[in-house]
Protein chains: 2
Amino acid sequence: MPVPSLPVIRELVRCYQAFDAVAGAHIRSLGLTAPQFDIIATLGNTEGMRFKELGEKTLCTKGTLTGIVDRLADKGLVRRVASPTDGRSQIVQLTAAGEAVFAHTFPAQIGYMDTVLAEVDTERMARLQQDLHYLRGILERKGKP
Amino acid sequence: MPVPSLPVIRELVRCYQAFDAVAGAHIRSLGLTAPQFDIIATLGNTEGMRFKELGEKTLCTKGTLTGIVDRLADKGLVRRVASPTDGRSQIVQLTAAGEAVFAHTFPAQIGYMDTVLAEVDTERMARLQQDLHYLRGILERKGKP
DNA sequence: CCACTTTAGTTCTAGTTAGAACAATTGTCA
DNA sequence: TGACAATTGTTCTAACTAGAACTAAAGTGG
């Protein structure tokens, strides 16, 4: 007898929406959109990476990624560098200004979320993380054709 | 000592993204976008409701809701009716065609997600639902100014 | 009663999303 | 080697998101 999916799905969606509202508002107060923050956070502490890798890590589609990187480049926070090994490919990396923004915003956001979740039950969060990981594994398998 | 938020947040985001990819693709195969489906599902089995109520239930902002309802109205699936009690307000309700689409797509989507999650550990899902509900409660409280 | 405040939904802007089409480059295999 | 397939990032379209500004209607309180 399969478990009815609606209640747990609804809770997953609602919980995510609540998180997105809280986290997104704080990120925007730092001067970035959530997707821009995600790109910067992914590039932080790396030498850069190809668009393809960046898209895989952020689950961002090619067309969207181009737009976001364009706008971050306009802000002077990232740059494109031709790949040394593949004529089709480009490396996206943080500029010095981008690294400064990363150094400022990443700890600020993590710190903020830490305070938001300061009162949570530790054991419960560890359990939640494992259960979410389990569910994600199933969803990702089903998502493959 | 607060629990570091990054690991559980990351898992929440990843799990949601995996769900969104699977569910969204199926909804689109039914001829609707995910937000359109959400509106139709919310209006299903009701006599309709004001924009404000609809927005609260779907967590959709006013400007976005207007656009979605416009497009659903263009498809003939919903209609606007002047509120009998408030000259500023309108009731949004499913048309007969909209109700037929609801009757077809809602069980199809629920059934699909049921099959996707057919193999899950029942106890684990019940636990997950409770833990997500707990986390959501905290996030929603912190989201209030 | 009336001035002022709040509310409802629309319009608008900047940014994001899914996904298709495209040109240029690389990879594969006979 | 060369034809063809696959890959890379860009461009494009339709739709969605946050949030501000707006007009018209309702609510509030002196």
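A, B, ... follow the sequence lines: proteins, then strands. Residue 1 opens every chain.
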message: Rounded to whole Å, please give me the gap between NE2 in A:His26 and C1' in D:dA18.
response: 17 Å
query: Rounded to the nearest Å, what distance is computed from the CG atom of residue A:Leu65 to the C1' atom of nucleotide D:dT10?
result: 11 Å
task: Give a yes or no on this: more than 12 heavy atoms of other residues, nucleotides or ligands lie within 6.0 Å of atom CZ of B:Arg80.
output: yes
- line: In short, ring pair (Phe, Tyr, Trp, His ring centres under 6.0 Å) pairs touching residues 22-75 of chain B with sequence neighbours left out are B:His26-B:Tyr112
query: Rounded to the Å, how far apart are B:Lys62 NZ and D:dA24 P?
result: 16 Å
- prompt: Would one find a side-chain N or O of A:Lys52 under 4.0 angstrom from OP1 or OP2 of D:dT8?
  reply: yes
Using atom names, set out every protein N or O paired with an N or O of nucleotides 14-16 of chain D below 3.5 Å, distance rounded to 0.1 Å.
| unit_1 | atom_1 | unit_2 | atom_2 | d |
| --- | --- | --- | --- | --- |
| D:dC16 | OP1 | B:Thr33 | OG1 | 2.6 |
| D:dC16 | OP2 | B:Arg71 | NE | 2.4 |
| D:dC16 | OP2 | B:Arg71 | NH2 | 2.2 |

Heavy-atom check, side chain of A:Leu72 versus side chain of A:Leu94, under 4.5 Å: no
- prompt: Using a heavy-atom cut-off of 4.0 Å to chain B, what are the terminal contacting nucleotides of DNA chain C, in 5' to 3' order?
  reply: C:dT7 to C:dG19
- prompt: Is B:Asp86 atom CG crowded by more than 12 heavy atoms from other residues, nucleotides or ligands, each under 6.0 Å away?
  reply: yes
- prompt: Reckon A:Gly24 touches a base, only the sugar-phosphate, or nothing at all at heavy-atom distances under 4.0 Å?
  reply: nothing
message: I'd like to know if B:Glu11 pairs up with B:Arg14 as an ion pair, taking the criterion as any Lys NZ or Arg NE/NH1/NH2 lying under 4.0 Å from an Asp or Glu carboxylate oxygen.
response: no
- request: Describe the nucleic acid contact of B:Ser89 in one word from base, sugar-phosphate, nothing, applying a heavy-atom distance below 4.0 Å.
  value: sugar-phosphate
query: Are side-chain N/O atoms of A:Asp114 and B:Ser5 paired as donor and acceptor at under 3.5 Å?
result: yes
statement: Going by chain and number, the hydrophobic cluster around B:Ile91 (ILVMFWY, side chain to side chain under 4.5 Å) further includes B:Val81
- prompt: Would a 4.5 Å heavy-atom cut-off, applied to side chains only, mark B:Met113 and A:Leu6 as touching?
  reply: no
Partner set under salt bridge (charged side-chain N to carboxylate O under 4.0 Å, His left out) for A:Glu56, not counting sequence neighbours: A:Lys52
message: Here's a test of your reading of the structure: between B:Thr61 and A:Ile91, which maps to the more 5' nucleotide of DNA chain D?
response: A:Ile91
message: Can you measure A:Ile27 atom CD1 to D:dG19 atom P for me and round it to whole angstrom units?
response: 12 Å
task: Assign each of A:Arg88 and B:Arg80 to its nearest nucleotide of DNA chain C by heavy atoms, then name whichever residue's nucleotide is nearer the 5' end.
output: B:Arg80
Under-4.0 Å salt bridge between B:Lys75 and B:Asp70: no
- line: In short, the helix from C:dC1-D:dG30 to C:dA30-D:dT1 is bent end to end, axes from five pairs each side, to 10°, by 30°
field: Upstream residue (5' side of DNA chain C) when B:Ala25 and A:Gly87 are each assigned their closest nucleotide
entry: B:Ala25
query: Quick one: is D:dA20 close enough that its OP1 or OP2 comes under 4.0 Å of any side-chain N or O from A:Arg28?
result: no
task: Identify the two heavy atoms, one from A:Gln93 and one from A:Gly48, that lie closest to each other, and give their separation to 0.1 Å.
output: CB-CA, 3.8 Å
